[in-house]
Amino acid sequence: MASYETFEHDVLVIGAGGAGLRAAVEASAAGTKVCVVSKSLLGKAHTVMAEGGMAAAMANVDDRDSWRVHFADTMRGGQYLNNPRMAEIHAKEAPDRVRELEAWGALFDRTKDGRILQRNFGGHRYPRLAHVGDRTGLEMIRTLQDHGVHQGIDFQMEITIVTLLKDGDRIAGAMGYDRERGRFKVYRAKAVVLATGGIGRAYQITSNSWEYTGDGQALAYHAGAKLLDMEFVQFHPTGMVWPPSVKGILVTEGVRGEGGVLRNNKGRRFMFDDIPENYRSSTADNEEEGWRYVTGDKSARRPPELLTRDHVARCIVREVREGRGSPHGGVFLDISWIKEKVQNAPEHIKKKLPSMYHQFKQLGDIDITKEPMEVGPTTHYVMGGVRVDADSQMSCVPGLFAAGECAAGLHGANRLGGNSLSDLLVFGKRAGEFAAKHAKSVSMPKLDSPQVEAAAKAAVAPFERQGGEGPYQIQQTLQDNMQQLAGIVRREDEMTRALELIASLKAKAANVSVYGNREYNAGWHTAMDLDSLLTVSEAVARAGLMRRESRGGHFRDDFPGKDNEWGQYNIEISKAADGSMRVERVPIVPMTGEHQKIVEENK
Amino acid sequence: MANATFRIWRGDKSGGGYKDYPIETSEGMVVLDAVHQIQASQANDLAVRWNCKAGKCGSCSAEVNGFPKLMCMTRLNTLDLTQPVTVQPMQTFPVIRDLVTDVSWNYEVKKTIQKMKTRKPDASDGTWRVNQRDVDRPQEFRKCIECFLCQNVCHVLREHQMFSEFVGPRFFVYAAALEMNPVDAADRVADLKDKHGIGLCNITKCCTHVCPEEIKITDNAIIPLKERVVDEFFDPVRKLFKMFKG
Ligand SMILES: Cc1cc2nc3c(=O)[nH]c(=O)nc-3n(C[C@H](O)[C@H](O)[C@H](O)COP(=O)(O)OP(=O)(O)OC[C@H]3O[C@@H](n4cnc5c(N)ncnc54)[C@H](O)[C@@H]3O)c2cc1C
Ligand code: SF4
Ligand code: SF4
Ligand code: FES
């Protein structure tokens, strides 16, 4: 029998990013006993990296903004596959969630009259992103962390959860190990909130860290929950492309929001060449108007660089493929040109984009106030995730909740920049609130020791095996595979190949071997994450194969157009009784009459 | 580009030593890339913390050739590669394994600093009107990524091990951010003097020199806090006033 420590809480939150922390704060304020576990140290989760800002229709900069416009923008950006109820809640509640952060100590950049400043971002009609320079995520996570530590929440850092535990149909807790010593931990809880973030590590070029192995999605899937929209992966148009060691690191959209322009090697602003029909009326058709927009001229329309991410990413791919790319296979992003327009431009750029300045200077020897950057698409975000109820964030497994990037619904086929941080706050809070409510209404579930034993045995097996493949090789093969075969541009034959490869990698992962002992053993940790990575990769490829059209983050070379029929369906994934992955078309959640009216008003 | 040798400290709290690993370098590489390359090909179990690989999370602190650095922001072209590059864990905190140290003390210390006390909103919409001018300074402090490199070099902690008397530069920065937050109404000055040991800092500025966020820790945070302590406790007029107030 494996030995393990057992804990008991009302609510267990898995993940300490924005969503997890906000959920924990809420659940604990509701008077329940809360534990938060995370793979990394407190304050280091992905949220810390978010740069540009959080979207909330506070109308501080442009008083024409309102939740209705934000709702319409989010739906249009998501190509109407979003859950409209979630989009509504999000747009309505985001402003309060942002103001709350201020009361807890966040220091946002200010407008001239002393309110929270908001900036332009792709797909948002009005300046809407509350921000702190280009380190908004840091401000958010620090504020929540510092607020949370005074609330009596039990924070357990560097714990990786490997399985969810069930008592019959309902959730009973989770089991994991501490990274430091490799000891098993069992968490018994009445409600579990998944807030584990994304899946970017399934790809080779990504802005995501080692943590993003899709654990939450995979844990939920194995526990009987449903996954939704997994074909929709967001490739951010601007990642660093040079030098090789920084390939994929994000260049915030804030650069374009502050006036940065994209050019090909002919010096042309190619984004003007392809403006989608449904954005034509709201997009500038000349450079002058675009500049007036970013400087706050309300009569101007936004520059095409600020079209949605899926579109900008594909335009960049096109330029590169057709030989108009930059020396290292990207295109040019130039903010230095604003010196023609702004006095003291270098200082202005450093003030507005300090960490971008720093990042390029230190990692790429490039001074962005003087010369253009080279950028190209990078895997950034997954719109898909655990299917949850719009109001409560509960999955179909009683007591299992999900919020933040690991949940699905708000963003549909494509997420607008800035809508993630606000998502974390709005739905993190709701998940915490409803998890606490649920915990108060049920008894402590029973723990089933065979489940725990089996998980413990599987976890140590890689040490006992010899001659299997190493975890890093498997991970790298998968990443190459997904990048090549299920990336920005997809095809039937390629995704079929991807699935074959995933199947063979699964067999290898079942036989993976590691050496050393269980203390802070990176090889073992990587091996433990393989199952999640393979599960979510399979989900992306299967859903991608099924959706025979192009929409949002999902682009099919063999079906390049949008298909109205497909616009009526989401793709749902669940684990069949025989353990295989079931993929189904399910009708979208329809908009109410009121929703439709809002969309029409804002066409 | 030339190949290089990395001399990495391997071990745990019971002891350890340096081990040499040859690596192949490529353009733009940082120390963390080298460590990852070694981890993937030569030492799968090499322990290292990292997250963002872009200087934003403060996870990858270590000592490179004896200098406290973020491994992900230290380019190989800033190092002399004709000699082995040594990488060791931060020395001020107990080692867990290889390059990973136990920094939990920092999280405990933070809790001792009085939390944000929100003052009453001043605008009719229930929020605050705050000038950018008034947040510029605390925003500098909020750039802190909690890499704890400043804690690692401060002699009060590193040499004198005064972990129970002194909170260290990181938490002076933290306290300063709160003290200068226009929405905060608490007073942390007495604590800084009595509980947090600000008097033990003798302004050597070692912390400022290593801060990857270029926060002017000593000049902008510690010295102004020290001035507040003096104003509040050692200014004869204020002292008299306090006495009368009881
Ligand atoms: C570089 C970058 C810039 C971005 N900029 C913006 C922006 O400007 N605006 C915006 O809205 N969005 C932005 N995003 C997206 C946004 O930051 C993320 O989507 C968001 O932070 C995700 O938050 P989260 O709370 O869902 O998860 P995270 O913050 O990623 O937290 C996940 C947590 O789960 C834990 N975890 C994961 N698996 C396990 C497990 N098995 N066991 C235990 N714990 C586990 C992790 O340790 C971590 O604590 C950006 C993303 C990146 C990468
Ligand atoms: S200035 Fe003060 S806090 Fe900073 S290193 Fe010197 S003694 Fe320590
Ligand atoms: S003040 Fe600077 S050196 Fe100290 S922890 Fe913060 S970022 Fe690191
Ligand atoms: S990995 Fe985040 S600071 Fe180095």
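Per chain, numbering begins at 1; letters A, B, ... match sequence-line order.
Both the backbone and the side chain of A:Leu107 have a heavy atom closer than 4.5 Å to some heavy atom of chain B. Neither the backbone nor the side chain of B:Asp184 comes within less than 4.5 Å of any heavy atom in chain A. In this structure, chain A has no heavy atom under 4.5 Å from any part of B:Glu213. For a residue to count as touching a neighbouring chain, one of its non-hydrogen atoms must lie under 4.5 Å from one of that chain's; by this rule A:Phe108 touches chain B with the backbone only. Contacts of A:Met157 with chain B are made by side-chain atoms alone, with heavy-atom separations under 4.5 Å and no backbone atom involved. If you measure heavy-atom distances from B:Val48 to chain A, the contacts under 4.5 Å come from the backbone alone. Contact of A:Gln475 with chain B is not made at all, since no heavy-atom distance falls under 4.5 Å. For A:Leu41, the parts sitting under 4.5 Å from any heavy atom of chain B are the backbone and the side chain alike. Of the atoms belonging to B:Arg97, it is side-chain heavy atoms, and not backbone ones, that fall under 4.5 Å from chain A. With a 4.5 angstrom heavy-atom cutoff, A:Thr143 touches chain B via backbone and side-chain atoms both. The part of B:Val100 that comes within reach of chain A is its side chain, from C-beta onward, which places non-hydrogen atoms under 4.5 angstrom from that chain. With a 4.5 angstrom heavy-atom cutoff, B:Ile113 touches chain A only via backbone atoms. Proximity to chain B (any heavy atom under 4.5 Å) is shown, for A:Leu42, by both the backbone and the side chain.
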Inset, instruction - Kindly indicate, with the supporting measurements, whether the criterion side chain to side chain contact (heavy atoms under 4.5 Å, CB included) is fulfilled by B:Arg142 and A:Val132. - result: CA-CA 10 Å; B:Arg142 306 267 309 170; A:Val132 187; over 6 Å; no
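Residues A:Arg135 and B:Lys56 form no side-chain contact, since every pair of their non-hydrogen atoms from C-beta on lies 4.5 Å or further apart. Within the 4.5 Å cutoff, no side-chain heavy atoms of B:Gln132 are placed close to those of A:Lys112. Looking at B:Glu214 and A:His358, their side chains come closer than 4.5 Å, going by heavy atoms from C-beta outward. In this structure the side chain of B:Asp12 reaches within 4.5 angstrom of the side chain of A:Glu519, judged on heavy atoms. Between A:Trp104 and B:Lys115, the closest side-chain pair of non-hydrogen atoms is not below 4.5 Å.
Cation-pi geometry between B:Lys13 and A:Tyr520 is not met at under 6.0 angstrom from the ring centre and within 45 degrees of the axis.
Between chain A and the options B:Thr74, B:Val135, B:Asn181, B:Asp125, the largest number of non-hydrogen pairs under 4.5 Å is found for B:Asn181. Contact count against chain B (heavy-atom pairs under 4.5 Å) is highest for A:Arg115 among A:Lys39, A:Gln359, A:Arg115, A:His46. Listed options B:Gly58, B:Ala54, B:Gly55 were ranked by heavy-atom pairs under 4.5 angstrom with chain A; first place goes to B:Gly58. Between chain A and the residues B:Pro182, B:Ser104, B:Pro121, B:Cys144, the most heavy-atom pairs under 4.5 angstrom are made by B:Cys144. When A:Leu138, A:Val149, A:Val48, A:Val246 are compared by the number of non-hydrogen pairs under 4.5 Å with chain B, A:Leu138 comes out ahead. Highest contact tally toward chain B, considering only A:Gln473, A:His150, A:Met49, is held by A:His150 [criterion: heavy-atom pairs under 4.5 Å]. Ranking B:Lys111, B:Arg49, B:Arg133, B:Lys117 against chain A, the residue ahead of the rest is B:Arg49, based on heavy-atom pairs under 4.5 Å. Heavy-atom pairs under 4.5 Å with chain A peak, among B:Thr78, B:Ile145, B:Leu178, at B:Ile145.
In terms of heavy-atom proximity, B:Cys72 sits nearest to A:Leu363 at O-CD2, 3.6 Å. The minimum heavy-atom distance linking A:Asn521 with B:Asn44 is given by the pair OD1-O, 4.0 Å. Residues B:Gly28 and A:Ser245 share a closest heavy-atom pair of O-OG, 2.9 Å. The two residues A:Ala522 and B:Gln39 come nearest to each other via the heavy atoms CB-NE2, 3.0 Å. Smallest separation of non-hydrogen atoms from A:Lys44 and B:Ser59: CD-OG, 3.5 Å.
One distance of note links SG of B:Cys52 with CG of A:Leu250; it measures 12.0 Å at 0.5 Å rounding. With rounding to the nearest 0.5 Å, the separation of CZ in B:Arg129 from CD1 in A:Ile116 is 9.5 Å.
The 12-atom threshold is exceeded at NZ of A:Lys350, counting heavy atoms of other residues, nucleotides or ligands nearer than 6.0 Å. Around OH of B:Tyr18, the count of heavy atoms belonging to other residues, nucleotides or ligands within 6.0 Å exceeds 12. Other residues, nucleotides and ligands contribute more than 12 heavy atoms inside 6.0 Å of the NZ atom of B:Lys53.
Checked by atom type and distance alone, the side chain of A:Arg110 never pairs as donor or acceptor with a backbone atom of B:Asn131 at under 3.5 Å.
B:Glu146 has a carboxylate O that lies under 4.0 Å from a charged side-chain N of A:Arg142, or vice versa, which qualifies the two as a salt bridge. A salt bridge links A:Asp146 to B:Lys110: at least one charged side-chain nitrogen sits closer than 4.0 Å to a carboxylate oxygen. B:Asp136 has a carboxylate O that lies under 4.0 Å from a charged side-chain N of A:Lys351, or vice versa, which qualifies the two as a salt bridge. Between A:Asp365 and B:Arg75, at least one side-chain N (NZ, or NE/NH1/NH2) sits under 4.0 Å from a carboxylate O, which counts as a salt bridge.
Between the side chains of B:Asp45 and A:Trp524, no donor N or O sits under 3.5 Å from an acceptor N or O.
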